[in-house]
Amino acid sequence: MWQTIKGMSDVCDPARPRDLLHWYDRHARVLPWRLSPADRAAGVVPDPYRIWLSEVMLQQTTVAAVKEYFLAFTARWPTVTALAAAPDAEVMAAWAGLGYYARARNLLKCARAVASDHGGVFPDTLEGLRALPGIGPYTAAAVAAIAFDRPEVVVDGNVERVMARLHDEHMPLPQAKPVLTAHAAALTPQTRPGDYAQAVMDLGATVCTPRNPLCGLCPWRGPCAAWAAGTQLELPKKTPKKRKPTRLGIAYLARRVDGAWLLEQRPDSGLLGGMLGWPGSDWSETPPEEAPPIRAEWKTVSEEARHTFTHFHLRLVVRTALVPMDRAPARGMFVEPDTFDPEALPTVMRKAFALVGR
DNA sequence: AAAGCGTGGGG
DNA sequence: TCCCCAAGCTT
């Protein structure tokens with residue numbers, strides 16, 4: 001009888017932030033941008049620059065992918081002022097491979113705004129942060145909570161999943177977003193809001209995972225309505241996605257006899273905006289036009305470069321040629337061999353280069 | 001306001 | 001091979 005009553009109260013009681021914080025105190029992930037428990041105990045305060053940088057890098061990007069970029073950026077540009085002073089090309093090159101390159105352009109805009117309009121100090125309010133380039137609702141709330149310990153409502157994909165399960169919400173995303181945000185708001189505590197924000201996201205990342213959630217280890221299993229109903233594996237519901245079409249293109253890799261490569265900087269907006277790349281055709285579902293950037297004996301590489309972007313697959317035909325010193329290109333500029341670094345290219349362009357060899 | 005915008009890992 | 005997913009923002 002006691003067991004039954006306890007079981008029922010588990011289902012009906014609301015989730016308690018303090019139970020999650022207790023779990024977090026034992027199971028928080030160790031991350032390069034996160035203060036260690038020892039530092040926190042010693043009264044060390046988070047650095048808003050590092051929190052902001054990590055949050056921007058983590059937008060739609062896995063922790064594993066972000067780690068090395070975060071360490072490289074903070075080693076090279078230890079402060080927002082240092083980053084603000086960096087040349088665009090250096091920052092874009094350092095971001096190469098991480099994806100969503102508009103983030104890097106907005107990162108610089110934001111750093112320069114903080115440096116010039118805010119004396120190099122990040123605003124400490126939701127509104128102040130939200131006004132900066134590349135900082136949307138999530139990032140503003142996350143920085144306010146984590147860097148300044150403000151009780152803002154932090155809602156990312158993890159929080160959406162945790163809330164959908166906690167409340168057995170079957171309305172599909174993104175339609176359900178306002179409802180899930182309201183649930184998140186109702187739970188956000190006034191004490192330790194920064195730790196709480198990180199705790200919900202850690203819970204989503206390590207326990208309340210999309211597949212194979214570890215409900216046996218969950219501090220909120222008791223109040224979880226999906227657990228009670230057995231629906232946790234179906235949640236959150238999502239509206240089905242369209243499948244990606246395949247586009248075709250040609251990339252021209254011209255090597256000058258001194259070893260320089262013909263590259264061009266892509267326009268600031270659109271796909272791979274602001275990044276270096278090989279001159280080439282447009283990418284479309286119909287076969288590309290022939291339009292080499294320089295007159296030469298072009299040879300087609302036997303293998304295509306295949307790559308998948310957010311909304312299409314690409315099959316890229318790679319053509320290469322050796323050109324003499326005195327021939328001027330119609331597009332792009334030759335980059336000297338000692339200046340050229342394939343690591344500064346976005347991944348699809350690295351793949352094309354890899355097919356040509358060295 | 002729906003669509004554009006990267007990449008790598010895992011099932 | 002394919003699809004799903006990951007600390008979303010901008011237009």
Side-chain angles (χ1 to χ4, degrees), chain A residues 28-29 31-34 50-70 92 95-107 109-110 129-147 152-162 173-175 177-178 181 184 194 196-206 208-213 233 236-247 266-275 277 283 305-314 345-351:
Chain A
R29 286 178 292 175
L31 301 169
W33 45 88
R34 184 177 280 178
R50 295 166 61 88
I51 302 302
W52 161 74
L53 179 62
S54 69
E55 289 300 342
V56 173
M57 288 183 165
L58 286 162
Q59 290 167 7
Q60 299 290 285
T61 308
T62 56
V63 165
V66 164
K67 277 182 180 170
E68 68 174 294
Y69 284 86
F70 177 82
M92 298 311 287
W95 195 277
L98 197 54
Y100 284 141
Y101 298 100
R103 292 185 296 172
R105 300 192 301 272
N106 287 328
L107 190 82
K109 282 187 202 161
C110 181
L129 290 161
R130 183 67 182 79
L132 291 165
I135 300 191
Y138 163 76
T139 305
V143 173
I146 298 169
E152 302 297 351
V153 182
V154 175
V155 183
D156 72 332
N158 290 304
V159 178
E160 288 173 352
R161 183 170 58 257
V162 170
L173 283 166
Q175 193 190 346
K177 174 119 185 167
T181 299
Y196 172 79
Q198 297 176 85
V200 189
M201 294 191 282
D202 269 25
L203 186 73
T206 64
C208 194
T209 49
R211 287 170 296 222
N212 308 316
L233 295 180
K237 303 271 194 199
K238 299 198 174 181
T239 53
K241 313 189 171 173
K242 306 173 198 172
R243 45 167 307 180
K244 302 180 199 308
T246 296
R247 296 189 189 174
R266 301 173 61 87
D268 239 11
S269 64
L271 191 65
L272 310 179
M275 299 300 290
W283 298 339
R306 289 168 165 271
H307 191 71
T308 299
F309 292 98
T310 310
H311 54 292
F312 65 93
H313 302 289
L314 177 66
L345 301 176
T347 300
V348 64
M349 302 296 175
R350 291 183 196 174
K351 285 184 180 176

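The shown structure was predicted, so the numbers you read here are calculated from the model rather than taken from an experiment. Naming: A, B, ... by sequence-line order, numbering from 1 per chain.
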Nearest whole Å is fine: how far is C:dC9 P from A:Leu129 CG?
12 Å
With no hydrogens and no angle check, just 3.5 Å: does a side-chain donor-acceptor pair link A:Arg34 and A:Gln198?
yes
Between protein and nucleic acid, restricted to nucleotides 8-11 of chain B and to nitrogen or oxygen atoms under 3.5 Å apart, what atom pairs and distances do you find?
none

Do the rings of A:Phe309 and A:Phe312 sit parallel, tilted or perpendicular, given the 30° and 60° boundaries?
tilted
Do A:Thr308 side-chain and B:dG6 base share a donor-acceptor contact under 3.5 Å?
no
Between A:Pro133 and A:Asp156, which residue's closest nucleotide on DNA chain C lies nearer the 5′ terminus?
A:Asp156
With sequence neighbours excluded, what pairs up with A:Tyr138 under the side chain to side chain donor-acceptor pair (under 3.5 Å) test?
A:Glu55
Selection from C:dT10, B:dT7, C:dA7 that lies nearest to any side-chain heavy atom of A:Val348
B:dT7
Let me know the distance between OH of A:Tyr138 and P of C:dC9, rounded to the nearest Å.
8 Å
What's the CG-C1' distance between A:Leu58 and B:dT7, to the nearest Å?
14 Å
Of all of residues 98-105 of chain A, which get a heavy atom below 4.0 angstrom from DNA chain B, listed by number?
A:Leu98, A:Gly99, A:Tyr100, A:Tyr101
Nearest-Å distance for atom pair CZ/C1', residues A:Arg243 and C:dC2
9 Å
I'd like the C1' distance from B:dG6 over to C:dC5, given in whole Å.
13 Å
Is the phosphate of C:dA6 approached by A:Arg161 (side-chain N or O, under 4.0 Å from OP1 or OP2)?
yes
With A:Thr209, which residues qualify under side chain to side chain donor-acceptor pair (under 3.5 Å), at least two apart?
none
After noting the C-alpha distance and the side-chain angles of A:Thr347 and A:His307, does the key distance pass the side chain to side chain contact (heavy atoms under 4.5 Å, CB included) rule?
CA-CA 8 Å; A:Thr347 300; A:His307 191 71; 3.8 Å; yes
Closer to the 5' end of DNA chain C via nearest nucleotide, is it A:Leu31 or A:Ile135?
A:Leu31
Please list, chain by chain and in numerical order, all residues satisfying salt bridge (charged side-chain N to carboxylate O under 4.0 Å, His left out) with A:Arg29, sequence neighbours excluded.
A:Asp202
Ignoring hydrogens and angles, are the base of B:dG6 and the side chain of A:Thr310 linked by a donor-acceptor pair under 3.5 Å?
yes
Which residues share a salt bridge (charged side-chain N to carboxylate O under 4.0 Å, His left out) with A:Lys237, sequence neighbours left out
A:Glu234
Phosphate contact (B:dC5 OP1 or OP2) by A:His311 side-chain N/O below 4.0 Å
yes
Please report, rounded to the nearest Å, how far the C1' atom of B:dG6 is from the CZ atom of A:Arg266.
12 Å
Under 3.5 Å, is there any donor-acceptor pair linking the side chain of A:Arg29 to the base of C:dA7?
yes
Looking at the side chain of A:Lys238, which of C:dC5, B:dT7, C:dA7 is the nearest nucleotide?
C:dC5
Whole angstrom value for the distance that separates C1' of C:dA6 from CG of A:Asn158:
8 Å
Residues forming a salt bridge (charged side-chain N to carboxylate O under 4.0 Å, His left out) with A:Glu160, sequence neighbours excluded
A:Lys177
Within less than 4.0 Å of OP1 or OP2 of C:dG8, is there a side-chain N or O belonging to A:Gln60?
yes
When we call it a touch if two heavy atoms are under 4.0 Å apart, what does A:Trp95 touch: a base, just sugar-phosphate, or nothing?
nothing
Using the C1' atoms only, state how far C:dT1 lies from B:dG8, rounded to an integer number of Å.
16 Å
For nucleotides B:dA1 and C:dT11, find the distance between their C1' atoms and express it as a whole number of Å.
10 Å
Please name all residues satisfying side chain to side chain donor-acceptor pair (under 3.5 Å) with A:His313, sequence neighbours left out, ordered by chain then number.
A:Thr308
Using modelled atom types only, decide if a donor and an acceptor are shared between the side chain of A:Thr61 and the backbone of A:Gln59 within a distance under 3.5 Å.
yes
Whole-Å distance, A:Lys244 NZ to B:dG6 C1', equals 10 Å
My understanding is that only residues two or more places apart in sequence, or in another chain, count here; which of them pass side chain to side chain donor-acceptor pair (under 3.5 Å) with A:Gln60?
none
Need one value for A:Lys242: base, sugar-phosphate or nothing, where a base atom within 4.0 Å counts as base even if backbone is also close, heavy atoms only.
sugar-phosphate
d(NZ, A:Lys241; P, B:dA2) in whole Å
16 Å
Taking C:dA6, C:dA7, B:dC5 as options, the one with an atom nearest any side-chain atom of A:Pro210 is C:dA6
